[in-house]
Amino acid sequence: MTLRMPAPDLAVIDRRDEIAVALARIVSPGSVIADAERLRVYESDGLTAYRQPPMLVVLPETVEQVSQILAYCHAEGIKVVPRGAGTSLSGGALPLADAVLVSMAKFNRVLSVDFTDRLAVVQPGVTNLAVTQAVEAENFYYAPDPSSQIACTIGGNVAENSGGVHCLKYGLTTNNVLAVEVVLMDGQLARFGDGTLDSAGLDLLGIIVGSEGLLGVVTEVTVRILPRPETARALLIGFPTVVDAGQCVADVIAAGIIPAGMEMMDRLAIRAAEAFVQVGYPLDVDALLIVELDGPEVECLLLSSQIERIALANGAMNCRISQDEDERLTFWKGRKAAFPAVGRLAPDYYCMDGTIPRGRLPEVLDRMAQLSREYGLEVANVFHAGDGNLHPLILYDGNRPGELDRAEAFGSDILRLCVEVGGVLTGEHGVGVEKRDLMPTMFSEIDLAHQQRLKCAFDPQLLLNPGKVFPQLRRCAELGRVHVHNGQTRFPDLPRF
Amino acid sequence: MMDTLEREPNVLRPESGDDLREVIGKAAATGTRLRLRGGGSKDGVGASAADASIIDMRGFSGIVDYAPSELVLTAGAGTPLSHIMSALASEGQALAFDPFDHGPLFGKPAGTATLGGIVAANVSGPRRLSRGAARDHVLGFSAVSGRGERFIAGGKVVKNVTGYDLPKLIAGSWGRLAALTEVTLKVLPSPRTSAILRVHGLAPPAAVAVMARAMGSSAEVCAARHIPAHFPGTPHGAAVTELLLEGFPESVDARLASLSALLRDEGEGAAVECLCGEAGRGWDALDLLASTPEGASVWRISVRPSKAAQVVVRLEQGGASWTMDCAGGLIWAVVADHSQNIREISESAGGNAMLMRGPQSLRQSVAAMRVLSPAVAALEQRVRRAFDPAGVFETGRF
């Protein structure tokens with residue numbers, strides 16, 4: 001582990017038994033976990049390179065209990081880390097040695113569904129897929145579909161502003177949430193959004209979504225549900241180079257078409273996926289594009305033939321259009337298995353998540369190949385091509401000394417490269433602990449101070465999920481005293497952690 | 001250097017980020033209050049203190065970067081909306097949301113609204129229903145906060161979760177956190193064609209049911225409204241309910257057919273008419289409102305569609321005129337009797353009402369936006385102080 005977390009407060013750790021007793025008074029019997037073996041279950045999330053058992057785990061089952069837990073921790077100065085299913089790929093739910101981990105797993109009920117208002121009210125521990133399952137009998141669904149949708153929870157989706165493969169057309173979580181109920185760090189209950197299209201006041205709902213568990217603990221979520229498109233159809237297109245595939249994507253958009261999804265895989269990812277699931281991906285191509293269209297049958301037919309023409313004009317070596325639902329799902333099977341498939345090529349892989357302006361893709365891939373040679377580590381690329389969101393998968397062996405560090409350094413270089421070409425550090429996985437120290441590549445100290453003051457407005461003692469998102473530990477009072485002279489800030493020299 | 005307009009001595013017109021930083025920094029130091037203004041199309045909303053100095057933001061004008069294939073546009077906040085829309089139209093694109101110019105509601109000519117004003121007020125027209133509001137498509141911005149500091153947030157690509165989503169917070173903040181200098185927005189291809197399915201003679205509950213049925217179908221309805229027979233200036237003799245479809249011609253035709261069939265089966269026998277070509281182009285957010293009597297106040301009520309019918313019954317009981325948009329999720333109320341408690345009617349149905357236009361006396365006594373719960377109001381106050389500790393942007397407008 002190369003990343004430093006804030007030094008644990010030993011005085012709090014010394015009080016562990018007393019804190020466990022206090023928490024047990026709030027929740028039902030058996031809902032506080034204090035023994036080392038069971039705490040280990042929670043020691044990491046989807047970013048498995050980082051592990052730290054929490055001081056204690058508490059599993060509330062009512063909003064009142066969440067409120068009491070936070071009020072108690074607030075009064076006692078105890079840090080809190082909220083957790084959904086623990087599928088974060090950026091370490092958003094990484095525990096701290098001196099913090100109480102609040103698991104929202106027991107908040108697992110769909111509270112109501114309304115087809116006139118086209119919304120569902122769910123508890124935060126409901127899985128992403130379960131929302132769709134609750135409404136699919138009426139032919140509705142919940143649009144954001146992160147790859148972990150079987151396991152990940154809506155509360156976690158809200159915290160991370162999760163995406164998926166259909167973002168370009170249907171938006172991220174933030175575009176599909178109408179209201180949230182949140183317990184603030186001091187135990188107060190607040191509602192943001194009223195389930196109507198436009199609520200009054202500042203858009204604090206928009207801030208809660210994507211705040212990575214730093215502003216409050218979400219206890220209820222109202223999501224928009226959509227009617228299922230009439231049909232869906234996919235194209236599987238192989239190109240001799242990624243440049244051709246990238247141009248095809250640009251030309252599809254220039255033709256006025258916004259497909260439901262456009263996914264690209266590079267040679268290594270194609271080969272790994274085909275070896276894993278044998279779905280008939282072409283192996284003689286350098287780039288594979290899956291383009292999905294949804295909507296009326298006639299529209300899908302029309303646009304699929306248009307896209308086929310565009311693809312052939314861009315040098316496509318082969319192009320298949322799904323003829324039925326089975327074939328469409330087969331096209332997707334390899335892409336959806338790409339991560340585990342690449343995972344078979346090496347003992348470990350490290351998944352990155354930058355976004356770039358799509359036009360810079362060839363250049364970014366070239367430089368990534370060069371970095372791959374320099375670091376001596378292979379990289380496979382899967383790419384949400386429609387919105388420029390790259391997922392390079394760096395292959396390494398964690399058992400070889402220094403290789404994890406090298407993989408992380410390589411990953412950081414890739415993300416710096418994304419920012420350098422006009423992109424961003426993370427398209428959908430969040431900053432968490434993983435990209436925390438890279439934030440200054442995108443934002444100046446003044447930019448970050450504006451974000452951190454927002455944190456202070458919600459949680460002035462910085463007790464909620466500390467050590468995530470922001471690279472510097474700076475107390476709120478100190479942020480208030482930052483002076484500006486001729487556009488330059490003078491920040492006190494505080495330690496980086 | 002900044003212009004100080006002669007006829008309006010307390011209007012400042014900064015031309016650069018440094019100018020703006022200086023103005024705001026000075027105001028913070030001297031306790032001056034500043035009111036940010038683009039084209040002034042929404043000047044009539046709320047009631048600002050008369051002593052506030054106005055900052056005219058139109059010096060920050062022009063398209064900075066527009067890459068059609070990236071679906072991203074960056075422009076100065078003072079750029080006229082009309083300029084942005086024509087630049088996009090020349091590439092067959094449009095903003096990803098449905099903006100409109102409030103000017104005509106206040107008797108002003110259209111065309112003065114600026115991009116920054118549109119974002120700051122989170123404006124979005126009838127397609128709000130399917131495309132989202134301005135807030136859904138603001139990708140990034142640069143601004144000067146009430147601290148007199150320049151800062152950026154968000155990014156210039158369509159998918160980004162790096163840091164807090166300040167673009168959401170800025171959208172709809174009505175100039176109370178920071179002065180926007182540059183905005184990056186998502187853009188999308190313009191639909192090739194559109195058509196309207198018009199249903200005649202529905203009562204409000206049936207209209208809401210038809211709109212809900214249409215929105216819940218796979219016909220991809222883009223906008224949906226209902227105009228009752230008595231709405232002032234309506235050209236229709238009877239109530240009409242309109243469903244807008246947009247997209248590729250073959251697709252629109254197919255959806256029009258399936259939706260007509262659906263409504264024939266379930267539309268309570270109402271007459272259904274298809275409008276294509278020019279007549280099927282959709283409607284403007286203000287087409288019915290701009291011509292309402294000047295003395296009448298105009299309220300914008302957001303409510304869940306399932307509550308819309310009960311709200312309009314109460315509006316009618318008080319003598320107000322109304323029309324529904326966004327499938328009933330938005331009700332525009334035109335109110336001549338200012339003693340009618342529109343806010344209570346909206347909030348008792350779980351919604352919220354904004355006083356969009358009203359005589360000065362009403363705006364002085366009634367807040368433009370609903371009052372928030374104490375916990376949220378206190379939090380909002382802390383958030384505003386985080387960006388604007390001296391209250392530079394607190395003109396009392398809301």
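In what follows, chains are A, B, ... by sequence order, proteins preceding strands, each numbered from 1.
In this structure, chain B has a heavy atom under 4.5 Å from the side chain of A:H384, while its backbone stays farther away. Neither the backbone nor the side chain of B:I170 has a heavy atom closer than 4.5 Å to any heavy atom of chain A. When heavy atoms are compared at a cutoff of 4.5 Å, B:R385 does not approach chain A at all. In this structure, the portions of A:M442 lying under 4.5 Å from any heavy atom of chain B include both its backbone and its side chain. In this structure, the portion of B:R135 lying under 4.5 Å from any heavy atom of chain A is its side chain and not its backbone. In this structure, the portion of B:R255 lying under 4.5 Å from any heavy atom of chain A is its side chain and not its backbone. Heavy atoms closer than 4.5 Å to chain B are found in the side chain of A:L119, but not in its backbone. At a 4.5 Å heavy-atom cutoff, the contact between A:D114 and chain B is made by side-chain atoms alone. Only the side chain of B:L188 comes within contact range of chain A, with at least one heavy atom under 4.5 Å from a heavy atom of that chain. At a 4.5 Å heavy-atom cutoff, the contact between A:E160 and chain B is made by backbone atoms alone. For chain A, the nearby parts of B:L166 are the backbone and the side chain; heavy atoms of each come within less than 4.5 Å. Looking at A:I258, only its side chain comes within 4.5 Å of chain B, counting heavy atoms on both sides. Contacts between B:S190 and chain A at a heavy-atom distance below 4.5 Å are absent for every atom of the residue. When heavy atoms are compared at a cutoff of 4.5 Å, B:E220 approaches chain A solely by way of its side chain, counted from C-beta outward. No part of A:L226 comes within reach of chain B, as not one of its non-hydrogen atoms sits under 4.5 angstrom from that chain. Both the backbone and the side chain of A:F458 come within less than 4.5 Å of a heavy atom of chain B. Contact of B:T162 with chain A is made through backbone and side chain together, with heavy-atom distances under 4.5 Å. Within the 4.5 angstrom heavy-atom criterion, atoms from both the backbone and the side chain of A:K455 approach chain B. Contacts of B:R192 with chain A are made by side-chain atoms alone, with heavy-atom separations under 4.5 Å and no backbone atom involved. Residue contact with chain B, scored on non-hydrogen atoms closer than 4.5 Å, involves the backbone and the side chain of A:E230 alike. The parts of B:A375 that come within reach of chain A are both its backbone and its side chain, each placing non-hydrogen atoms under 4.5 angstrom from that chain. In this structure, the portions of A:T426 lying under 4.5 Å from any heavy atom of chain B include both its backbone and its side chain. In this structure, the portions of B:Y164 lying under 4.5 Å from any heavy atom of chain A include both its backbone and its side chain.
The two residues B:E149 and A:I446 make their nearest non-hydrogen contact at OE1-CG2, 3.6 Å. Looking at every heavy atom in both residues, B:K159 comes nearest to A:V424 through O-CG2, 3.9 Å. Nearest heavy atoms, B:S217 versus A:P227: O-CG, 3.2 Å. The minimum heavy-atom distance between B:A327 and A:R118, with the atom names listed, is CB-NH2, 4.2 Å. Here the closest non-hydrogen pair linking A:P296 and B:S251 is CG-OG, 3.6 Å. In terms of heavy atoms, B:L379 sits closest to A:A457 at CD1-O, 3.4 Å.
The shortest side-chain heavy-atom distance between B:F151 and A:L448 does not fall under the 4.5 Å cut-off. For the pair B:R384/A:L202, a side-chain contact is recorded, criterion being any heavy-atom separation below 4.5 Å from C-beta on. Counting only heavy atoms from C-beta outward, the side chains of A:L178 and B:R304 never approach each other to under 4.5 Å.
Heavy-atom pairs under 4.5 Å with chain B were tallied for A:T231, A:V469, A:L205, A:L204; the largest tally goes to A:L204. When the candidates A:C300, A:S199, A:C456 are compared by the number of heavy-atom contacts under 4.5 Å with chain B, A:S199 comes out ahead. Contacts with chain B were tallied for A:G171, A:S211, A:A254; A:S211 has the most, counting heavy-atom pairs under 4.5 Å. Across A:L425, A:L172, A:T174, A:N161, the residue that shares the most heavy-atom pairs under 4.5 angstrom with chain B is A:T174. For chain A, the option among B:S173, B:G92, B:G216 with the highest count of heavy-atom pairs below 4.5 Å is B:G216. Considering only heavy-atom pairs separated by less than 4.5 Å from chain A, the leading option among B:G155, B:G163, B:A133 is B:G163. Ranked by heavy-atom pairs under 4.5 Å with chain A, the list B:A386, B:S302, B:G132 is led by B:S302. Of the listed residues (A:I253, A:V298, A:L197), the one with the most heavy-atom contacts under 4.5 Å to chain B is A:L197. Of the listed residues B:D18, B:L129, B:L330, B:I152, the one with more heavy-atom pairs under 4.5 angstrom with chain A than any other is B:I152. Looking only at heavy-atom pairs under 4.5 Å with chain A, the residue among B:V252, B:L177, B:V158, B:D165 that has the most is B:D165. The most heavy-atom pairs under 4.5 Å with chain B, out of A:I257, A:L215, A:V419, A:D194, come from A:D194.
Under 4.0 Å is where a charged nitrogen must lie from a carboxylate oxygen, and between A:D198 and B:R128 at least one such pair does.
No side-chain donor from either of B:N122 and A:D203 sits under 3.5 Å from a side-chain acceptor of the other. When only modelled atom types and interatomic distance are considered, B:S306 and A:D117 share a side-chain donor-acceptor pair under 3.5 Å.
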message = Would B:N352 and A:T196 count as a side chain to side chain contact (heavy atoms under 4.5 Å, CB included) here? Give the steps.
response = CA-CA 8 Å; B:N352 69 88; A:T196 69; 3.6 Å; yes
message = Run the side chain to side chain contact (heavy atoms under 4.5 Å, CB included) test on B:L169 and A:L454 for me, step by step, so that the C-alpha distance in whole Å, both residues' side-chain angles and the decisive distance to 0.1 Å come before the verdict.
response = CA-CA 10 Å; B:L169 189 65; A:L454 192 60; 4.0 Å; yes
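The closest donor-acceptor contact from the side chain of B:K186 to the backbone of A:L168 lies under 3.5 Å. Of the possible donor and acceptor atoms, one in the side chain of B:E70 sits under 3.5 Å from a partner among the backbone N and O of A:G359. Side-chain atoms of B:S218 do not come within 3.5 Å of backbone N or O of A:P229 as any donor-acceptor pair.
Other residues, nucleotides and ligands contribute only 12 or fewer heavy atoms inside 6.0 Å of the NZ atom of B:K307.
Note that CZ of B:F248 and CG of A:L302 are 7.0 Å apart. Values are rounded to the nearest 0.5 Å. From A:R191, atom CZ reaches atom OG of B:S373 across 10.5 Å, with rounding to the nearest 0.5 Å.
A tilted orientation is assigned to the rings of B:F387 and A:H450, their planes being inclined by 30° to 60°.
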